Novice: 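Below are the structure tokens for one structure; questions will follow.
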Amino acid sequence: MTYINDNIIPGNHGKTFTTNVRSPEEKSRLKAAIMKIDGVIKVIFEDTYPSEVTVHTDQVVHVNEIQEKATELKFHVIAKGPFFPLL
């Protein structure tokens with residue numbers, strides 16, 4: 001793995017994850033858990049199938065921290081590749 005794949009880099013692009021949450025209640029629970037991570041400033045759920053969530057940070061956050069929070073709630077999150085332009 002690389003630094004960009006293993007971490008969420010601060011900036012306007014964030015990092016997108018696919019997830020198995022479905023209902024608004026599940027999304028709310030997962031969002032609240034992720035927001036507790038130091039450095040996370042925004043969690044946005046996309047209206048897609050499968051469900052996607054984008055996490056924005058103001059400091060480097062390791063992807064494993066997001067995955068551990070989801071696992072505690074019995075959800076899965078899988079990071080998508082770094083498909084954003086580095087400006």
Side-chain angles (χ1 to χ4, degrees):
M1 295 305 251
T2 65
Y3 186 78
I4 292 176
N5 288 340
D6 291 343
N7 296 288
I8 302 171
I9 310 300
N12 61 353
H13 50 274
K15 186 153 195 83
T16 303
F17 299 84
T18 55
T19 181
N20 64 334
V21 298
R22 293 191 179 116
S23 70
E25 294 82 19
E26 290 176 340
K27 290 178 181 179
S28 178
R29 287 178 43 221
L30 182 57
K31 179 178 180 175
I34 293 172
M35 287 297 294
K36 291 180 183 176
I37 298 172
D38 189 37
V40 174
I41 57 172
K42 192 173 5 176
V43 177
I44 303 168
F45 283 91
E46 307 296 331
D47 191 24
T48 61
Y49 183 82
S51 294
E52 291 184 350
V53 59
T54 303
V55 179
H56 295 267
T57 63
D58 62 0
Q59 64 187 33
V60 175
V61 175
H62 204 277
V63 168
N64 284 344
E65 292 182 62
I66 307 296
Q67 293 172 331
E68 287 170 6
K69 287 291 184 182
T71 301
E72 289 173 8
L73 298 173
K74 308 294 189 232
F75 298 126
H76 300 285
V77 292
I78 300 169
K80 293 178 79 173
F83 303 117
F84 57 86
L86 293 176
L87 302 174

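Just so you know, these numbers use all the heavy atoms, side chains as well, and skip hydrogens, waters and symmetry mates. Everything quoted here is computed from the prediction, not taken from an experiment.
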Novice: Under a 4.5 Å cut-off applied to non-hydrogen side-chain atoms, are Val60 and Pro10 in contact?
Specialist: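 The answer is yes, as the side chains (C-beta and beyond) meet within the 4.5 Å cut-off.
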Novice: Glu68 side chain to Glu65 main-chain N or O, any donor-acceptor pair under 3.5 Å?
Specialist: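 Between the backbone of Glu65 and the side chain of Glu68 there is no qualifying donor-acceptor contact (under 3.5 Å).
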Novice: Any side-chain heavy atom of His76 sitting closer than 4.5 Å to one from Thr71?
Specialist: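 Counting from C-beta outward, His76 and Thr71 never come under 4.5 Å.
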Novice: Is any side-chain heavy atom of His13 closer than 4.5 Å to one of His56?
Specialist: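 Answer no - side chains too far apart.
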Novice: Indicate the atoms forming the closest heavy-atom contact of Ile78 with Gln67, along with that distance.
Specialist: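 Nearest heavy atoms, Ile78 then Gln67: CA-NE2, 4.4 Å.
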Novice: Who clusters with Val43? Use side-chain heavy atoms, under 4.5 angstrom, across I, L, V, M, F, W and Y, and order the result by chain and number.
Specialist: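 Under the 4.5 Å side-chain rule, Val43 groups with Ile8, Phe17, Val21, Leu30, Ile34, Met35, Ile37, Val40, Phe45, Val53, Val55, Val61, Val63, Ile66, Leu73, Phe75, Val77.
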Novice: Do Lys15 and Thr54 come close enough that some side-chain heavy atom pair is under 4.5 Å?
Specialist: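 No, side chains not in contact.
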Novice: Check whether more than 12 heavy atoms from other residues, nucleotides or ligands sit under 6.0 Å from atom NZ of Lys27, and answer yes or no.
Specialist: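 Yes - once you tally the heavy atoms of other residues, nucleotides and ligands closer than 6.0 Å, there are more than 12.
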Novice: Side chains of Glu52 and Thr19: does their closest heavy-atom pair fall under 4.5 Å?
Specialist: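 They are not in side-chain contact.
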Novice: Among side-chain atoms of Asp38 and Gln59, is any donor-acceptor pair under 3.5 angstrom?
Specialist: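 Looking only at side-chain atoms, Gln59 and Asp38 do form a donor-acceptor pair, the distance falling under 3.5 Å.
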Novice: Distance check, rounded to the nearest 0.5 Å: His62 atom NE2 versus Thr57 atom OG1?
Specialist: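 His62 NE2 to Thr57 OG1: 13.0 Å, rounded to 0.5 Å.
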Novice: Got a second to check how far Lys74's NZ is from Arg29's CZ, nearest 0.5 Å?
Specialist: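 Answer rounded to 0.5 Å: 10.0 Å.
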